[in-house]
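This structure is a prediction, so every number in the text was calculated from the model and none was measured.
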Amino acid sequence: MSSFTAVPVLDFSLSRDESAKPAFLDELRRTLLEVGFLYIKNTGIDEDLVEEVIRLGKAFFDLPESEKMRLEMKNSPHFLGYSRLGNEITKHATDWREQIDLATELSAPSPSEPRYRMLRGPNHWPKEELLPGFRKAFTEYMNQMTELSTNFTSLVAEAIGLPANSFEKYFDASEDSASGTKRQDKLKIVKYPDLGELGEQVVGSQGDSMLSSYLLQATDHKGLQVQNYKGDWIDCVPIKGTFVVAMGQGLEAMTGGVCVSTTHRVISPPAGSGPRFSIPFFQGVSYDATFESMDVPEEVKALKQEIMRKEGGQKDEVETTFKKGGRFKHLGEATLMNRVKSHPDVGGKYYPDLLKIVREQEKVDKEQSVDKPGSENSLSVPTTTVTTADGTTDDAPATTQIKGRRRAPTIVVELTPSDQPSYGEDPGPDGSIERKEAYEMRKADAVPDVVRVIER
């Protein structure tokens, strides 16, 4: 991530012009390596369809409460459907938004298939007589966005020196399924109430998962912000006729950190300005996929290292969901656990054993948490001379504030034999599955974001 001061706008139509495509790929490469966020315009998505999707998306929230409750996500083992205000949890915090989750329409998998495939399945659609045209419009919109996202990730591959079809192997199921082998893309229609309704400022920061996402900002509110390397928040204001594209942590992992997954947040609309509506589309991948690094050309890696050197930064670890050799063999296993954590009402109804593991881990996290000065998400670490990866040294301040598990600044840790972390009691080979899962989660969480050797 670089210290950018504005989010770039790329003209997608240039990618379809052979004479202009090389320059487009050069601009896309710089954006991927330095920013990880961009606008795209002239995408070819039907403009009238976009306007209809916006109209119907807003109208959904005016449906009778009884209809929205009929569509509630807790009635779907596939985590699709309506979520009331404050019903979703992100990074252990309540998301103050109202939304409905939709996806490529698929049938449910058979009971004999891996459990994580239950993430695939049919939608909860509102009754046609209550919201005429809703299902037709959003089905067509998702189909067009699927084509757009597939084309875009092929351009991402070309921009970093890979074959255009490099990501295709991650889209389809590895074997036949009752729900088919077609990938399932997802979409949310989100309503953020203004401060007059909430009564307090609500800010949530996160990075997207998977490969890429495409946001349609359906109102003129400011609110979306992305974070540069210095920690400054840069506005990503609505621009008519564009989509905001974010690179996901899965893409960052597969490219060895070459493509950046940028932290972003949403600030609640000012009191009296009305609700903010947004419609993000998330490019899906096969839940059977295992993420491994791609063979990104050395010259592209070198370019990334040069950017990081100029910024004074160092690439930190990617979210454990996408680590090869982690707790989970398939992406679907990790995704299912994360969905249970985000929607405990669904977890309690359909996946009570997984929710139990989540609750045990939350209890362990709370017990092992330490007091952090300044804010609950900051950590003060005494530092001295630091030996960096390239052998150079620099003097760090006596106290460095680390906010959360974000990219900057880096966490500095000195490891000695006596300082090895405790993971609690090892359940051993005869322990229950739940205790083994909780133990492995504690071990994973004990690993610092970045380890540097400190010379005294």
Side-chain angles (χ1 to χ4, degrees), residues 6-32 35-58 102-105 133-160 162-168 170-172 182-190 208 210-220 224 226 236-248 251 259 277-285:
V7 177
V9 182
L10 274 64
D11 187 342
F12 194 76
S13 66
L14 299 179
S15 68
R16 298 188 286 267
D17 181 342
E18 289 303 316
S19 63
K21 186 176 179 179
F24 174 87
L25 292 177
D26 285 343
E27 187 176 7
L28 178 58
R29 182 185 306 111
R30 286 193 297 271
T31 301
L32 293 170
V35 184
F37 245 74
L38 66 150
Y39 298 89
I40 53 175
K41 63 180 182 179
N42 299 324
T43 61
I45 301 296
D46 188 290
E47 294 181 4
D48 291 336
L49 176 62
V50 169
E51 291 302 315
E52 184 70 351
V53 161
I54 291 174
R55 182 186 71 81
L56 290 168
K58 293 177 180 178
L102 302 172
T104 308
E105 185 71 20
F134 181 91
R135 178 170 182 168
K136 179 181 178 181
F138 275 92
T139 297
E140 177 59 26
Y141 180 74
M142 284 189 281
N143 287 339
Q144 292 194 21
M145 294 303 294
T146 292
E147 183 177 355
L148 173 65
S149 63
T150 302
N151 291 338
F152 184 83
T153 47
S154 72
L155 293 168
V156 169
E158 290 186 80
I160 60 175
L162 296 172
N165 65 351
S166 293
F167 295 105
E168 289 183 5
Y170 297 106
F171 292 146
D172 296 329
K182 183 180 180 180
R183 87 183 197 219
Q184 189 172 46
D185 297 319
K186 296 197 172 181
L187 173 148
K188 293 178 185 285
I189 310 171
V190 188
D208 284 345
M210 305 306 179
L211 298 185
S212 59
S213 62
Y214 304 78
L215 174 64
L216 172 60
Q217 299 196 76
T219 52
D220 294 331
L224 177 63
V226 297
C236 197
V237 299
I239 301 178
K240 188 175 178 58
T242 68
F243 295 98
V244 178
V245 184
M247 302 302 104
L251 183 65
C259 295
F277 294 90
S278 67
I279 306 174
F281 173 91
F282 303 94
Q283 182 181 37
V285 296

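Under the 4.5 Å side-chain criterion, counting only non-hydrogen atoms from C-beta, Glu51 is not in contact with Asp48. For the pair Val244 and Phe37, the minimum side-chain heavy-atom distance is below 4.5 Å. Residues Val285 and Phe167 fail the side-chain proximity criterion, which asks for heavy atoms closer than 4.5 Å. Here the side chains of Tyr170 and Leu251 are not in contact, with every heavy-atom distance at 4.5 Å or above. Looking at Ile40 and Leu148, their side chains come closer than 4.5 Å, going by heavy atoms from C-beta outward. Between Cys259 and Val156 there is a side-chain heavy-atom pair separated by less than 4.5 Å. Looking only at side-chain heavy atoms (C-beta outward), Lys41 and Val9 come within less than 4.5 Å of each other. Taking 4.5 Å as the limit, every side-chain heavy atom of Ser149 sits out of range of all side-chain heavy atoms of Phe282.
Relative orientation of the Phe138 and Phe134 rings is tilted, given thresholds of 30° and 60° on the angle between their planes. Between Phe152 and Tyr214, the ring planes lie perpendicular to each other; the angle is over 60°, past the 30° to 60° tilted range.
Atom CG of Asp17 has more than 12 heavy atoms from other residues, nucleotides or ligands within 6.0 Å. The environment of CD in Glu140 is crowded: more than 12 heavy-atom neighbours from other residues, nucleotides or ligands sit within 6.0 Å.
When each of Asp185, Thr150, Thr153, Thr146 is checked for a side chain to side chain donor-acceptor pair (under 3.5 Å) with Gln283, only Thr153 meets the rule.
Arg16 CZ to Asn151 CG: the interatomic distance, rounded to the nearest 0.5 Å, is 8.0 Å. Within the model, atoms CD of Glu158 and CG of Asn165 stand 9.5 Å from one another, a figure rounded to the nearest 0.5 Å. Leu14 contributes atom CG, which lies 8.0 Å from atom CG of Asn42 (distance to the nearest 0.5 angstrom). Taken to the nearest 0.5 Å, the CD atom of Gln217 stands 7.0 Å off from the OG1 atom of Thr242. Rounding to the nearest 0.5 angstrom, the gap separating the CG atom in Leu211 from the CZ atom in Phe171 is 5.5 Å. For the atom pair Leu215 CG and Cys236 SG, the distance stands at 7.5 Å (nearest 0.5 Å).
The two residues Ala137 and Glu52 come nearest to each other via the heavy atoms CB-CG, 4.2 Å. Taking all atoms of both residues into account, the shortest heavy-atom contact from Pro163 to Ala157 is O-CB, 3.2 Å. Of all heavy-atom pairs between Pro8 and Val35, the closest is CD-CG1, 4.2 Å. The shortest non-hydrogen separation linking Thr104 to Gln184 is O-NE2, 2.8 Å.
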Leu10 and Phe24: CA distance, side-chain angles, deciding distance, side-chain contact (heavy atoms from CB on, under 4.5 Å) verdict: CA-CA 8 Å; Leu10 274 64; Phe24 174 87; 3.9 Å; yes
Test log, rule side-chain contact (heavy atoms from CB on, under 4.5 Å), inputs Val237 and Tyr39: CA-CA 10 Å; Val237 299; Tyr39 298 89; 4.0 Å; yes
Steps toward side-chain contact (heavy atoms from CB on, under 4.5 Å) verdict (Leu155, Lys21): CA-CA 10 Å; Leu155 293 168; Lys21 186 176 179 179; 3.8 Å; yes
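Salt-bridge formation is not detected for the pair Arg183/Glu168: no Lys NZ or Arg NE/NH1/NH2 atom is positioned less than 4.0 Å from an Asp or Glu carboxylate oxygen. Taking 4.0 Å as the cut-off between side-chain N and carboxylate O, Arg30 and Glu27 do not count as a salt-bridged pair.
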